[in-house]
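Just follow the structure's listing: the first ligand is 1, and inside any ligand the first atom is 1.
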Amino acid sequence: MSRRDELLDLAERAKGFMPPSEGLALYEFAHAYGRRVPEGTWLEVGAWCGKSTLYLGAAAEATNSVLYSLDHHHGSEENQEGWVHFDPSLVDPVDGRLNTLPTWQRTIATARLEETVVGLVGHSTIVARHFAQPLNLVFIDGGHANDVAWADYESWSPKIVLEGLLLIHDIFADPRDGGQAPYEIYLGALDSGAFVERASEGSLRVLTRVV
Ligand code: SAH
Ligand code: MG
């Protein structure tokens with residue numbers, strides 16, 4: 001099995017919410033970009049257990065890029081007890097809080113991606129305030145509450161270089177299909193005039209910085 005297929009297979013089997021078609025598209029778009037602009041600095045907001053990290057990590061490894069994978073690892077509102085996306089096996093018995101960091105670390109170690117993927121454990125806006133490195137690729141898949149999604153967009157999108165990629169997950173134009181916050185930041189990115197849409201797959205959108 002090729003290294004690519006090994007990683008895509010691990011990604012498909014990892015715990016998470018991304019359908020295989022969208023994961024594969026995430027890999028393909030990132031890989032195509034990395035082929036054009038190798039040795040880039042990439043960042044994902046929202047790591048959970050490392051599923052999207054593997055899709056992006058596979059593309060990063062193949063193009064000598066580095067992927068920062070940011071999460072406070074205590075889950076979003078919609079992952080807490082009583083909500084639909086709650087997974088009791090991820091609760092830390094010591095403090096009773098959700099903790100996806102051990103699972104995320106095992107995911108990256110099993111995939112042998114520790115020299116490509118760097119974990120950033122913390123709140124998105126706080127990390128962003130102290131992060132000066134320009135970014136070639138940003139994937140936003142963090143909290144889906146309105147203020148959280150907007151804060152992610154406003155914190156990270158200004159750091160994207162010209163012609164760099166902004167990928168956003170869970171975009172549903174119809175409120176019956178899902179929450180509206182990612183869709184609104186996607187519209188905001190287009191309205192700003194700084195980004196144009198290049199491609200899409202399912203609820204994934206791929207934008208490029210044009211100014
Ligand atoms: N990209 C992942 C899924 C991410 S789920 C995948 O496809 O596999 C959303 C994640 O965002 C959760 O793990 C949650 O802990 C994280 N998150 C939510 N708000 C955050 C914030 N303000 N700062 C850092 N991480 C946050
Ligand atoms: Mg998502």
Side-chain angles (χ1 to χ4, degrees), residues 7-8 10-27 29-30 42-60 67-81 83-87 89-92 97-108 110-111 113 117-131 137-157 166-172 177-186 200-206:
L7 288 172
L8 295 182
L10 283 171
E12 196 168 320
R13 289 188 285 115
K15 217 186 245 289
F17 315 106
M18 182 171 283
S21 57
E22 295 179 7
L24 193 59
L26 184 63
Y27 165 80
F29 295 132
W42 302 0
L43 182 138
E44 73 169 346
V45 185
W48 190 242
C49 296
K51 191 182 189 74
S52 56
T53 322
L54 292 193
Y55 285 115
L56 286 171
L67 172 66
Y68 286 106
S69 175
L70 188 161
D71 204 303
H72 52 44
H73 284 286
H74 292 305
S76 307
E77 191 178 38
E78 54 272 23
N79 305 122
Q80 307 303 320
E81 189 162 9
W83 290 68
V84 272
H85 290 302
F86 178 62
D87 179 344
S89 73
L90 296 170
V91 173
D92 180 344
R97 293 180 80 185
L98 206 64
N99 184 3
T100 51
L101 182 56
T103 312
W104 178 89
Q105 263 184 319
R106 272 194 297 275
T107 304
I108 303 313
T110 304
L113 276 174
V117 175
V118 178
L120 287 177
V121 182
H123 280 266
S124 173
T125 49
I126 296 171
V127 178
R129 228 180 284 142
H130 297 271
F131 193 99
L137 180 155
V138 169
F139 173 54
I140 297 185
D141 193 21
H144 290 357
N146 234 295
D147 52 337
V148 179
W150 275 105
D152 286 342
Y153 170 69
E154 281 162 4
S155 296
W156 294 103
S157 68
L166 171 62
L167 301 119
I168 307 175
H169 195 228
D170 297 311
I171 294 183
F172 302 107
D177 296 330
Q180 293 295 282
Y183 178 58
E184 282 165 19
I185 66 167
Y186 153 78
S200 71
E201 172 63 41
S203 74
L204 178 70
R205 296 290 176 280
V206 186

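Taking every non-hydrogen atom of S76 and a distance limit under 4.0 Å, the qualifying atoms of ligand 1 come out as 9 (C), 10 (C), 11 (O), 12 (C), 14 (C), 15 (O), 16 (C), 17 (N), 18 (C). Using a 4.0 Å cut-off to heavy atoms of G46, the atoms of ligand 1 that qualify are 1 (N), 2 (C), 4 (C), 10 (C), 11 (O). Atoms of ligand 1 lying under 4.0 Å from any heavy atom of K51, numbered from 1 in the order shown and given with element: 8 (O).
The distance from the Mg ion (ligand 2) to the nearest N/O/S atom of H144 is not under 2.8 Å.
Using a 4.5 Å cut-off on side-chain heavy atoms (C-beta onward), V138 and S157 make no contact. Residues E44 and S52 have side chains in contact (heavy-atom distance under 4.5 Å, counting atoms from C-beta outward). When side chains are defined from C-beta on, Q80 counts as touching L98, because their heavy atoms get closer than 4.5 Å. With contacts defined as side-chain heavy-atom distances shorter than 4.5 Å, the pair Y27/L7 does not qualify. Looking only at side-chain heavy atoms (C-beta outward), V127 and W156 come within less than 4.5 Å of each other. The shortest distance between side-chain heavy atoms of Y186 and H169 does not fall below 4.5 Å.
Considering backbone and side-chain atoms together, G50 places no N or O closer than 3.5 Å to any N or O of ligand 1.
The name of the N, O or S atom in D170 nearest to the Mg ion (ligand 2) is OD2. The atom of H169 nearest to the Mg ion (ligand 2) is ND1, with the search restricted to N, O or S atoms. Nearest N, O or S atom of D141 to the Mg ion (ligand 2): atom OD1.
Note on ligand 1: G122 sits in its first shell, one or more heavy atoms being nearer than 4.0 Å.
The aromatic rings of F131 and Y68 lie perpendicular to each other, with more than 60° between the two planes, well past the 30° mark.
Among H72, E22, H144, H85, the residue whose heavy atom lies nearest to atom 26 (C) of ligand 1 is H72. Comparing heavy-atom distances from atom 13 (O) of ligand 1 across D71, T100, L90, D170 singles out D71 as nearest.
Given atom 4 (C) of ligand 1, the protein heavy atom at minimum distance is D141 O, 3.3 Å. Summary of contacts: the protein heavy atom closest to atom 6 (C) of ligand 1 is S52 OG, 3.3 Å. Nearest protein neighbour of atom 23 (N) of ligand 1, counting heavy atoms only, is S124 N, 2.9 Å.
Under 3.5 Å, the side chains of W83 and S76 contain no donor-acceptor pair of N or O atoms.
Proximity of L70 to ligand 1, defined as any heavy-atom pair under 4.0 Å, is confined to the side chain (atoms from C-beta onward).
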request  = List the steps and the verdict of side-chain contact (heavy atoms from CB on, under 4.5 Å) for L54 and I108.
outcome  = CA-CA 7 Å; L54 292 193; I108 303 313; 4.1 Å; yes
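With K15 as the partner, the side chain to side chain donor-acceptor pair (under 3.5 Å) test is satisfied by one option alone out of T107, T100, T103, D87: D87.
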